[in-house]
Amino acid sequence: MSRPEDTLPPDLFYNDVESHKYTTSSRIQSIQSSMTQRALQLLALNSPSMILDIGCGSGLSGEHLTSSGHIWVGMDISASMLAIALDRDAEGDLLLADMGQGVPFRPGTFDAAISISAIQWLCNADSSDVSASGRLSRFFDGLYSSLKRGGKAVLQFYPKNETQRTMITSAAIRSGFGAGLLEDDPDTKNKKLYLVLTVGAGRDEV
Amino acid sequence: MKILTTNYISCAVKACKSTSLSFPLHFQDAVLVQEEVDFKPEFITNILPRIEWEALKITAVELGFTTLPAQKPEATEEAPLDPQVLKDLHTLLLETQVTEGKLVCANCKHVYNIHQGIANFLLPNHLALPLIMITNF
Ligand SMILES: [Zn+2]
């Protein structure tokens, strides 16, 4: 099976046909749901919060955020995916944006961030003027800044290999995050990797 | 797009990160709808400290709302916020949504189009990247 991120950039890969396929596959829906629930559990939010969903796609994760009482803003690079989110009456605000260009929010605003199966796309640089490391650092710098002090992000992702896994994790740490990797069902083909990031109480005080 | 989100969002152009002129973005030709959202007073209390009140006042006036208090309502231990104040903020921040229109940066003049409630923040690479990264074509 070829990985989608090896074939085309996400805005081209998730065209109307692929977006529809992704959203209607019940297998993908149920995996996506359980990963979102897991991410919410790891975030351990105890009151209705403002959450950023990175690579929100058609709003599958957003439905869980809404039913857990949170307000969310989703960003995604695929207009087709966002169109399906609209059809599905996603409650969150949707932004057509490329996470590799940064996270366009003012500092310290979100309580938390979540991402399901998206950030491995950052390792693809699809034009000659953009490097993967540049995209990673713009993303993590922007994410770090947009979260409030003490805020948390849980990013589930599918690294292609060990190099990619290290590249992503070390980029997060370089941006200032406290980072840990959590692996569910390790050594099975269902293994799930979560990058758990925390914003310290005061980078400013250091 | 909810009014709350417009109080969070800033210009994505790299050169605008360091100037206060780039926040808030300014509405033009905005079409508004009211959409009911479950009222959770705890949510409003939670985010209120992170609302930029001066920016919210600017946005509210641009959209035709002129009844926003001049000062941000603050809760104290002795005096929690009036439920009606929270409800009014809920209506403005979460239930008032912009479906069509433009958000414009006062610094670089970049226009972010809003269509069906979705704002387009995709930038051409030369605007998104620091200069040093686009010199080695
Ligand atoms: Zn600007």
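Chain letters run A, B, ... following the sequence lines, proteins first, then strands; residues in each count from 1.
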Audit row: A:V73, B:Y8, side-chain contact (heavy atoms from CB on, under 4.5 Å) steps and yes/no = CA-CA 10 Å; A:V73 176; B:Y8 274 28; 5.7 Å; no
Sort B:E52 into side chain, backbone, both or neither according to what part of it lies under 4.5 angstrom from a heavy atom of chain A.
-> both
Just wondering, are more than 12 heavy atoms of other shown residues or ligands nearer than 6.0 Å to CD in B:Q71?
-> no
Any A:D111 side-chain heavy atom under 4.5 Å of B:R50 side chain | yes
Counting heavy atoms not belonging to B:K87, are there more than 12 under 6.0 Å from its NZ?
-> yes
CG (B:L93) and CE (A:M50) are apart, to the nearest 0.5 Å, by 9.5 Å
Is chain A contacted by the side chain of B:D38, its backbone, both, or neither, given a heavy-atom distance below 4.5 Å?
-> neither
Specify which of A:L82, A:V103, A:D98, A:L86 makes the most heavy-atom pairs with chain B at under 4.5 Å.
-> A:L86
Which one, B:A12, B:A119, B:G117, leads in non-hydrogen pairs under 4.5 Å with chain A?
-> B:A119
Measure A:L94 against the heavy atoms of chain B and call it side chain, backbone, both or neither at under 4.5 Å.
-> both
Which atoms form the tightest heavy-atom contact between B:K40 and A:P48, and what is the distance?
-> CD-CG, 3.9 Å
Between the side chain of B:E42 and the main-chain N/O of A:S47, is any donor-acceptor distance below 3.5 Å?
-> no
Could you grab the distance from atom CG of A:L95 to atom OG1 of B:T5, nearest 0.5 Å is fine?
-> 8.5 Å
Counting only heavy atoms closer than 4.5 Å, note whether B:I47 contacts chain A via side chain, backbone, both or neither.
-> side chain
Within 6.0 Å of CD in B:E36, more than 12 heavy atoms from elsewhere | no
Under a 4.5 Å heavy-atom cutoff, which of B:F23, B:Y112, B:F43 has the most pairs with chain A?
-> B:F43
Atom group of B:I114 that falls short of 4.5 Å from chain A, counting heavy atoms | neither
Straight-line distance of B:L122 CG to A:M75 CE, nearest 0.5 Å = 9.0 Å
With only heavy atoms counted, which part of A:T66 is less than 4.5 Å from chain B, the side chain, the backbone, both or neither?
-> neither
Part of B:N46 lying under 4.5 Å from any heavy atom of chain A = side chain
Do the side chain of A:R106 and the main chain of B:S10 share a donor and acceptor less than 3.5 angstrom apart?
-> no
